[in-house]
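Everything on this sheet refers to the single structure shown next.
Both ligands and their constituent atoms are indexed starting at 1 by order of listing.
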Amino acid sequence: ASDSGAAVVDESVETTDGRHVEVAANIGQPAELDPAAERGADGVGLYRTEFLFLDRETPPSEDEQYEAVREALDTFPDGRVVVRTLDIGGDKRISYLDLPEEENPFLGERGIRRSLAPDSDLFATQLRALLRAGADGAGDLAIMFPLVATVEELDAALDTLDAAAVDVEGRDADAVDPEVGVMVETPSAAFMADELAARVDFLSIGTNDLTQYVMAADRENERVDDLHDPTHPGVLRAIHRTVTAAHAEDAWVGMCGEMAGDPALTELLVGLGLDELSMSAVTIPEVKTAVSETEYSAASERGDRARLAATRSEVHTTVDT
Ligand code: PEP
Ligand code: MG
């Protein structure tokens, strides 16, 4: 049994009426890989690569990044490992990268915006490392881009990925052809989910940032804690929109924000149609249990009622009854 009381479930799980839901781990440090596997993670749904760049004077080499990703793939030889490309700016700063002083860093140069311009060399290096790591050994690599707001950004990131594959193959090394995905964490990405999903294999909803931007409520500011809550119907509608758009394009859709790790919300999220939930390892056993106790058809009706609610308290009434 886990600390939380739910038994560890090693197998993948499905609802009582047979809908498979992937339950994966969010990883921020290599030391979290083994504990996540022990808690029954099916794979890694969000590998935050910032740790590789923090607490040092110079960026990590391509080989160093290759090794780190190989380690994750080796820990989950039968699962998928979704590696997010470098996501700095906003609250995440790195001394040697000469980040600008901005009045509103969360609305500034962060995530893919930096990777496409000031940090394009780092981005290319990271992509080469990922493509090589995915081609060698076991495990199923996927690559995901953070804070995408426009189709142009995605197209530019995909071009950089293609160029990285050409570089790797030009060195007589193998490059994998990975699944590619976009994080949906800006309102624009939720509105543009149709066009984004048409270009990639999956979308992954980052509710920490998506809630911050949909609700205009700083994720770090306790004074607006009540607004920074993904169970507001405004956020649920953004989630629903994203799921519907992804499925219409035959893309799978996951969630890797904190919301995905709350077992009290599992039925709601399954009902909204999420194919994958990724969370910090601690709640994986509980969420797996919750998925296996959910009836998808009933959850789906309840999900519709929740997202059509007018207020958060109506959403909670729907979820709790
Ligand atoms: C998110 O924004 O929900 C997310 C998963 O990314 P991060 O918390 O690393 O910004
Ligand atoms: Mg985010």
Specify whether an N/O/S atom of Asp209 falls short of 2.8 Å from the Mg ion (ligand 2). yes
Are Val180 and Met144 grouped together when hydrophobic residues (ILVMFWY) are joined by side-chain heavy atoms under 4.5 angstrom apart?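 In one cluster with Val180: Met144, no.
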Heavy atoms under 4.0 Å from ligand 1: which residues qualify?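 Within 4.0 Å of ligand 1, protein side: Leu46, Arg48, Arg84, Lys92, Met183, Glu185, Gly206, Thr207, Asn208, Asp209, Arg219, Cys256, Gly257.
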Restricting to N, O or S atoms, which atom of Glu185 is closest to the Mg ion (ligand 2)? OE1
Going by salt bridge (Lys or Arg N to Asp or Glu O under 4.0 Å), Arg114 matches just one of Asp98, Asp121, Asp119. Which one? Asp119
Separation between OH of Tyr213 and CG of Leu147, rounded to the nearest 0.5 Å: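 Answer rounded to 0.5 Å: 5.0 Å.
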What distance do Tyr47 atom OH and Leu130 atom CG have between them, rounded to the nearest 0.5 Å? 10.5 Å
Side chains of Ser280 and Asn26 only: does a donor on one sit below 3.5 Å from an acceptor on the other? no
Can you see whether Asp63 engages Ser61 through a side-chain donor-acceptor pair at a distance of less than 3.5 angstrom?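 On atom types as modelled, these side chains do not qualify, holding no pair under 3.5 Å.
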Pairs meeting criterion ring-ring contact (aromatic ring centres under 6.0 Å, His included) with involvement of residues 245-298, two or more places apart: Phe202-Trp252
